[in-house]
There are 2 protein chains.
Amino acid sequence: MARLPIYLRALQALQDRGILTVSSEHLASAAGVNSAKLRKDLSHLGSYGTRGVGYEVEYLVYQISRELGLTQDWAVAIVGIGNLGRALANYGGFGTRGFRIAALLDADPAMVGQSVASLDVRHIDNLEAVVRSEGVSIGVITTPAAAAQGVATRFVEAGVASILNFAPVVLNVPDGVDVRKVDLSIELQILAFHAQRRADGDGRNAERAGLELT
Amino acid sequence: MARLPIYLRALQALQDRGILTVSSEHLASAAGVNSAKLRKDLSHLGSYGTRGVGYEVEYLVYQISRELGLTQDWAVAIVGIGNLGRALANYGGFGTRGFRIAALLDADPAMVGQSVASLDVRHIDNLEAVVRSEGVSIGVITTPAAAAQGVATRFVEAGVASILNFAPVVLNVPDGVDVRKVDLSIELQILAFHAQRRADGDGRNAERAGLELT
DNA sequence: ACGTGTGAACACATTCACAGCT
DNA sequence: AGCTGTGAATGTGTTCACACGT
């Protein structure tokens, strides 16, 4: 379930504060969901709570980590070392738990050989070799839109079945390959959509109020 | 609906190729969805298609843009000019349609005054003033986790009701405020989850095959 | 004939409400 | 007494399949 990472983060925050046990009510509010949903989500992993008491934080952290596959390390390759690629490479959050940035690749010869986040940027021609030698299982695409599909295809053919795509294109991949997409301008457009609906509503209300006053 | 931006992008690509009319089947495959879903989504905006023919690309682009509120310009403020904030500031995709980066803010005095993407970074103390003077309606938070809630609260109190949050925390905001969250390590964790399920399945299959072979 | 628009069937997620354990 | 785990009810989103307009 897509909410497990959020629960995990909330639990780790509790753990850092030395809290040993937590009720579904508390954890749910920390994660921004309702308590029935949280209990149903957790019950999918098994019965890890104690009735009348709640959940043991440490045990639950371990169970969720295991369910998410964070007890093993995943090697990640980033292709496209522009502003965003650099930002990801330097983002400390990955290394902390379960993920290791194994390689940075770029098509631009001027980029190749530069050092980013204490890794040498290598030429994209080495993609297949790097995937094999580093055991890369997750590919991150931060290239321009035009290059993304080609990179995705190469990842897939090299055996990478998990792709995180930041390029604003719909990737075509075979069944069994998992693509997640992060699209910044789509997020903004969705915000604009809601903002406009709010504004429209205000307008209608104002108009209605005006009519009532006349 | 959250898929309209994807349709819009696909339509604009068709438009660039000089294509005037498109069927739900074609557009759906370009957007990576099924055609019934696309028709139902579009029917929510009104009856903009012609039976037996399809949709007129240009007209549909206009209707979706209008629905999304992209016919007006939205001023965006980015708080937290680290690697990610800089990447967003430099990302050209925003300016193209409907969004204008109106201000960059940071709490670090060493950062203030620097020029990023031809904008001067200003101190966070100016948040309220900038929101008012630039008419900011969308706030982007790329600060460390610890600072995010404070920034969000200041945005809300300044009248910003749309927030795009990159910090790995659940923001607490009043009803009526729209928060969207982009969390890179959550995306990776979800990929790891599926990757592990694949691996487990392979393992079981391998084991089963092994058993069958013995 | 072709492709949209849409009721009806379906699948899935959320919420309610409470039995049952501690 | 308190809180989990879960059947039942509800809501939401997806898919099917076809009547209807062009």
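Below, read A as the first sequence line, B as the second, and so on, with proteins coming before strands; counting in each chain starts at 1.
Both A:R3 and A:T50 lie near DNA chain C, and the one whose nearest nucleotide falls closer to the 5' end is A:R3. Where B:V53 and B:N34 each meet DNA chain D at their nearest nucleotide, the meeting point lying more 5' is that of B:N34.
Separating the OH atom of A:Y48 from the P atom of D:dT6 is a distance of 13 Å, rounded to the nearest angstrom. D:dC16 atom P lies 15 Å from atom CG of B:L38, rounded to whole Å. Atom CZ in B:R39 sits roughly 11 Å away from atom C1' in D:dC18 (whole-Å rounding). Remark: C1' of D:dT6 and NE2 of A:H44 are 10 Å apart, rounded to the nearest angstrom. If you measure from atom CG of A:L42 to atom P of D:dT4, you get 9 Å, rounded to the nearest angstrom. Regarding A:D41, its CG atom lies at a distance of 14 Å from the C1' atom of D:dT4, rounded to whole Å. Atom CZ of B:R51 is separated from atom C1' of D:dC20 by 5 Å (rounded to the nearest Å). As a whole-Å value, the separation of A:K37 NZ from D:dT10 C1' is 14 Å.
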In sequence, state the C-alpha distance, the side-chain angles, and the governing distance for B:R66 and B:Q63, and then conclude on side chain to side chain donor-acceptor pair (under 3.5 Å).
CA-CA 5 Å; B:R66 201 172 52 84; B:Q63 291 297 342; 2.8 Å; yes
Trace of the side chain to side chain donor-acceptor pair (under 3.5 Å) decision for A:S29 with A:E25:
CA-CA 6 Å; A:S29 88; A:E25 202 77 43; over 6 Å; no
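With respect to A:R3 and A:D41, a salt bridge is recorded, a charged nitrogen being found less than 4.0 Å from a carboxylate O.
Shortest non-hydrogen contact noted between A:Y59 and A:Y48 is CE2-CD2, 3.6 Å. Taking each heavy atom of A:S137 and A:V160 in turn, the nearest pair found is O-CG1, 3.6 Å. A:V136 approaches A:A102 most closely through the heavy-atom pair CG2-CB, 4.2 Å.
Contact of A:K40 with D:dT6 (side chain to base): no donor-acceptor pair of N or O atoms is detected under 3.5 Å.
You'll find that the side chain of A:S24 is closest to D:dT4, out of D:dT4, D:dG21, D:dC16.
Partner of B:I81 under the side-chain contact (heavy atoms from CB on, under 4.5 Å) criterion, chosen from B:L104, B:T143, B:L119, B:L105: B:L104.
Where DNA chain C meets chain A (any atom under 4.0 Å from a heavy atom), the bounding nucleotides read 5' to 3' are C:dT14 to C:dT22.
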